[in-house]
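The structure appears below as structure tokens.
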Amino acid sequence: MAYQGKLIIVAGPSGTGKGTIEDAIMAKFPDIQFSVSVTTRPRRDYEIEGEHYFFITKEAFYKLIDRDELVEWQEVYSKNGHLYGTLKSNIDAALEQGKLVLLDIDIKGGINVKKAYPEQSVSIFIKPPSIEALEQRLIHRRTDNQEQIRIRLERMPEEMELGQQFDYQIVNTDLNKAVNAFVEILEKEIYNINKGANKWV
Ligand code: 5GP
């Protein structure tokens, strides 16, 4: 096997274009599999059980916590306090099989996965070019009302601080450049091709 199993942890403030970058990466690297989390939030129309998430009840979620079956879990406040967690069994099985796993996770969750699997993970923080740019994106996205946007922006300084604990930071000013920076990190960290990716992109 050319490489061992590895976790690619991706986090960042909401509205930074993290999902779009991930989609581009998954399309370029078909051998990367998406880590399917458990969540108590309701399924959206386009989502598929077991592909986007495992949708479970709060009771089932608390059972997973009691049985120590989650690597990490968080109550994500911007999502009405719904619970999200990463299944230990999924991660361990994927690593044992030498798979590359991409985790789309909230910032604190990302830090906790890195702590749990320090040798097997690469953590990447996606950040907006500025608070103003993020505000514009959130306004144009039209998924948040003014109050939600204000709360998200207020949280930014703390999130940027936490982001410094990630191995790499990518500033998403331009989608193509951000995807290229991500590819460079993967080539260096996963595929052992070093074209000079720096710790701080
Ligand atoms: P959404 O409900 O929009 O799919 O996700 C809301 C947030 O939860 C996103 O920031 C996403 O990255 C995060 N998230 C998804 N899965 C997990 C998980 O297993 N653990 C943690 N801590 N956060 C997660």
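Just so you know, these numbers use all the heavy atoms, side chains as well, and skip hydrogens, waters and symmetry mates. One is the number of the first residue; the rest follow in order along the sequence.
- A 4.5 Å side-chain heavy-atom check between Val122 and Leu186 finds every atom pair outside the cut-off.
- Remark: the backbone N or O of Ile48 is not paired with any side-chain donor or acceptor of Glu51 at under 3.5 angstrom.
- Of the possible donor and acceptor atoms, none in the side chain of Asn172 sits under 3.5 Å from a partner among the backbone N and O of Pro128.
- The nearest pair of heavy atoms linking Pro13 to Ile107 is N-CD1, 4.1 Å.
- Contact check on Lys63 versus Glu59 returns no salt bridge, with no Lys/Arg side-chain nitrogen under 4.0 Å from an Asp/Glu carboxylate oxygen.
- At most 12 heavy atoms of other shown residues, nucleotides or ligands fall within 6.0 angstrom of atom CD in Gln146.
- Although no hydrogens or angles enter the test, the distance criterion places no donor-acceptor pair under 3.5 Å between the side chain of Glu135 and the main chain of Leu153.
- Across His82 and Pro42, no two heavy atoms sit closer than the pair NE2-CD, 3.6 Å.
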So Glu154 and Arg150, salt bridge (charged side-chain N to carboxylate O under 4.0 Å, His left out) or not? Walk me through it.
-> CA-CA 6 Å; Glu154 254 178 29; Arg150 190 187 59 76; 2.5 Å; yes

Does the salt bridge (charged side-chain N to carboxylate O under 4.0 Å, His left out) test come out yes or no for Arg41 and Glu47, once each step is laid out?
-> CA-CA 12 Å; Arg41 91 148 157 70; Glu47 287 177 327; 2.7 Å; yes

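- Between the side chain of Ser123 and the backbone N or O of Ile9 there is no donor-acceptor pair closer than 3.5 Å.
- Judged purely by distance below 3.5 Å, without hydrogens or angles, the side chains of Tyr117 and Asn112 never pair a donor atom with an acceptor atom.
- Other residues, nucleotides and ligands place no more than 12 heavy atoms under 6.0 Å from the NZ atom of Lys108.
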Kindly indicate, with the supporting measurements, whether the criterion salt bridge (charged side-chain N to carboxylate O under 4.0 Å, His left out) is fulfilled by Asp68 and Lys88.
-> CA-CA 8 Å; Asp68 197 23; Lys88 244 184 218 174; 3.2 Å; yes

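- A donor atom on one side chain and an acceptor atom on the other are found under 3.5 Å apart for Tyr168 and Glu189.
- A distance-only check finds no donor-acceptor pair linking the side chain of Thr86 to the backbone of Val71 [under 3.5 Å].
- Classification of Glu158 and Arg155 as a salt-bridged pair fails, no side-chain N sitting under 4.0 Å from a carboxylate O.
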